[in-house]
Amino acid sequence: MAPSMPTEAPWHAAFPTPRNAQPGCITRETLLGKLKHDAGDGVAKRFLLVDLRRTDYEGGTIRGSINLPAQSLYPTIPTLHSLFKAAGLTTIIWYCGSSRGRGTRAACWFQDHLDDCGDKEMQSLILTEGVKGWATAGAEYADQMSGYNAQYWESH
């Protein structure tokens, strides 16, 4: 009998389990409305989109998002919170492919930090169904993406 190989722990095992188990969420319909509204009113938007994908950062991303791979996120949360606060942001919207793994974990970690700081002015949300749900929801969503590749989403 061959010796068993040790199983590698998932990347997030190096960090604490989030205390908040269920993050707040925003639907793609609501987010699309915010993107369209903010684009036309001349007022600086008060929310930030964060794409957490790293090696699977393909097929495009929602226009205006920043990319902060989930694998390196946890230690940077206090600094990110300070930067987001200084920028006047009130809502941070996290997403990955489906928003069921990395997106949920990031939103919960960030909410834990907000709770620890007593910050009631900022909220941490996930994008329901993630970028895949966004990219496959139709032309009005795809039109709001940078680097959109329809063939990628047809095969995923």
Subject >> S124: partners by side chain to side chain donor-acceptor pair (under 3.5 Å), with sequence neighbours left out >> reply: W94

**OP:** Please assess E58 against N149 for the test side-chain contact (heavy atoms from CB on, under 4.5 Å), listing each intermediate value before the final yes or no.
**Re:** CA-CA 8 Å; E58 298 171 349; N149 179 338; over 6 Å; no

Original post:
Taking N67 for the side chain and D51 for the main chain, is one N or O donor matched with an acceptor at less than 3.5 Å?
Top reply: yes

Subject >> Under 3.5 Å: donor-acceptor pair, side chain of D112, backbone of N20 >> reply: yes

Original post:
What are the two closest non-hydrogen atoms of M145 and R63, and how far apart are they?
Top reply: O-NH2, 3.1 Å

Original post:
salt bridge (charged side-chain N to carboxylate O under 4.0 Å, His left out): which pairs involve residues 132-151, sequence neighbours left out?
Top reply: K36-E140

**OP:** Look at the side chain of Y95 and the backbone N and O of W134, then say whether any donor-acceptor pair between them is shorter than 3.5 Å.
**Re:** no

Subject >> Exam field: side chain R54 to backbone P69, donor-acceptor pair closer than 3.5 Å >> reply: no

Subject >> Main-chain N/O of I26 paired with T128 side-chain donor or acceptor, under 3.5 Å >> reply: yes

Original post:
Which atom names give the shortest non-hydrogen contact between W11 and A70, and what distance separates them?
Top reply: CZ3-O, 3.3 Å

Subject >> G59 versus W153, closest heavy-atom pair with distance >> reply: O-NE1, 2.7 Å

Subject >> Partners meeting salt bridge (charged side-chain N to carboxylate O under 4.0 Å, His left out) with D119 (sequence neighbours left out) >> reply: K85

Original post:
Can you list the steps and then say if T30 with T27 is a side-chain hydrogen bond (donor to acceptor under 3.5 Å, both in side chains)?
Top reply: CA-CA 5 Å; T30 301; T27 65; 3.0 Å; yes

Subject >> Validation row: Y141, L31 side chains within 4.5 angstrom (heavy atoms) >> reply: no

**OP:** Taking S82 for its side chain and P78 for its backbone only, find out whether a donor-acceptor pair lies under 3.5 Å.
**Re:** yes

Subject >> Aromatic ring pairing H113/H81, orientation class (parallel under 30°, perpendicular over 60°, tilted between) >> reply: perpendicular

**OP:** May I ask you to test the L73-L52 pair for a side-chain heavy-atom distance under 4.5 Å?
**Re:** yes

